[in-house]
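Along the sequence shown, residues carry numbers from 1.
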Amino acid sequence: MFRVEQTYDYASLTVLCRAARKTVRRGWKIMRIAMWVLLAVECLLIAVLLAIGSTVEPWMIAVTVMLLLLLVFDDKINAWAAKRQMIPGTAHSVTVFEDAAYTVKTDSTETCWQYENITGLCETERYFLFFIGRRHGQCFDKQGFQVGDPEEFRGFIEGKTGLTFTKMK
């Protein structure tokens, strides 16, 4: 049995969003590349207009800056949105992992999850991340283990799911 206490804050949600983008939501990679190309074209257009002595409309600069901010702070923006959408009382959880399933208890809910629902596993230096489909994830802080330790936990989860953890920085 393992027991992990976790608080979802902006830092953990940002890590979760980044891991989702790099693993289970890789289909968006083409969209991100297209947005970076669009940003490069916008910057080139502004540079050409300035070079030929033409005026640059303020809205062009505003759109370029907004697109740059969106691309650079994508994971932080998604974490902020996820935090705002959380049900009150669910930011702090205690999860108990047993042989058949694991139970997540918060101030307002208690949910039992089957290991076969997990579709992806990631690991960072501080967190274990579970993905349930492409749009839902769970984060478990390695420093939050009350029963068991992270090394044993890794093997336990890989055995239960048949998946291996993808290491991320």
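Between Asp74 atom CG and Arg21 atom CZ the span is 6.0 Å, to the nearest 0.5 Å. Expressed to the nearest 0.5 Å, how far SG of Cys139 lies from OH of Tyr8 amounts to 5.5 Å. Here the straight-line distance linking atom OG1 of Thr95 with atom CD of Gln6 works out to 8.0 Å at 0.5 Å rounding. Here CG of Asn78 is found 15.5 Å from NZ of Lys83. Values are rounded to the nearest 0.5 Å. For the atom pair Lys105 NZ and Thr111 OG1, the distance stands at 11.5 Å (nearest 0.5 Å). Between atom CD of residue Glu152 and atom CZ of residue Phe145 there is a gap of 9.5 Å, rounded to the nearest 0.5 Å.
Other residues, nucleotides and ligands contribute at most 12 non-hydrogen atoms within 6.0 Å of the CD atom of Glu125. Residue Met66 qualifies as open at atom CE: its count of foreign heavy atoms under 6.0 Å is 12 or below.
Hydrophobic clustering of Ile, Leu, Val, Met, Phe, Trp and Tyr side chains at less than 4.5 Å, counting indirect connections, keeps Leu70 apart from Trp80. Side-chain heavy atoms closer than 4.5 Å link hydrophobic residues (I, L, V, M, F, W, Y) into clusters, and following such links, even through other members, never connects Met168 to Phe140. In terms of hydrophobic clustering, with Ile, Leu, Val, Met, Phe, Trp and Tyr side chains grouped at heavy-atom distances under 4.5 Å, Leu67 and Phe73 are assigned to a common cluster. Val96 and Phe130 fall into different hydrophobic clusters, where Ile, Leu, Val, Met, Phe, Trp and Tyr side chains are chained together by heavy-atom contacts under 4.5 Å. Residues Met35 and Ile33 do not share a hydrophobic cluster, clusters being chains of Ile/Leu/Val/Met/Phe/Trp/Tyr side chains in contact below 4.5 Å.
Side chain of Lys167 to backbone of Cys122: no donor-acceptor contact under 3.5 angstrom is found. Formation of a donor-acceptor pair under 3.5 Å by the Thr119 side chain with backbone atoms of Gly133 is found in this model. Using modelled atom types, one side-chain atom of Lys142 and one backbone atom of Thr124 make a donor-acceptor pair closer than 3.5 Å.
You'll find the side chain of Gln138 stays beyond 4.5 Å of the side chain of Leu129, heavy atoms only. The closest side-chain heavy-atom distance from Asp141 to Arg126 is below 4.5 Å. Using a 4.5 Å cut-off on side-chain heavy atoms (C-beta onward), Ile118 and Phe131 make no contact. Using a 4.5 Å heavy-atom cutoff, the side chains of Thr166 and Leu121 are not in contact.
Checked by atom type, the side-chain pair Tyr127/Gln143 shows no donor-acceptor distance below 3.5 Å.
The side chain to side chain donor-acceptor pair (under 3.5 Å) check on Arg3 picks up Gln146, with sequence neighbours excluded. Qualifying side chain to side chain donor-acceptor pair (under 3.5 Å) partners for Thr90, counting only residues two or more places apart in sequence or in other chains: none. Applying the ring-ring contact (aromatic ring centres under 6.0 Å, His included) rule to Phe165 yields the partners Phe128; only residues at least two apart in sequence or on another chain are considered. A search for ring-ring contact (aromatic ring centres under 6.0 Å, His included) contacts involving Phe156 returns Phe2, Tyr115, not counting sequence neighbours.
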Inset, instruction - Take Thr103 and Glu110, measure what side-chain contact (heavy atoms from CB on, under 4.5 Å) needs, and give me the verdict at the end. - result: CA-CA 7 Å; Thr103 304; Glu110 182 174 331; 3.6 Å; yes
Anything under 3.5 Å between a donor and an acceptor, one on a side chain of residues 9-19, the other on a protein residue two or more places apart or in another chain? List them.
from: Asp9; atom 1: OD1; to: Ala11; atom 2: N; distance (Å): 3.4
from: Asp9; atom 1: OD1; to: Ser12; atom 2: N; distance (Å): 2.9
from: Asp9; atom 1: OD1; to: Ser12; atom 2: OG; distance (Å): 3.0
from: Ser12; atom 1: OG; to: Asp9; atom 2: N; distance (Å): 3.0
from: Ser12; atom 1: OG; to: Asp9; atom 2: O; distance (Å): 3.1
from: Thr14; atom 1: OG1; to: Tyr10; atom 2: O; distance (Å): 2.6
from: Arg18; atom 1: NH1; to: Lys169; atom 2: O; distance (Å): 2.7

Determine all donor-acceptor pairs shorter than 3.5 Å in which one atom belongs to a side chain in residues 41-59; sequence neighbours excluded.
from: Glu42; atom 1: OE1; to: Thr64; atom 2: OG1; distance (Å): 2.9

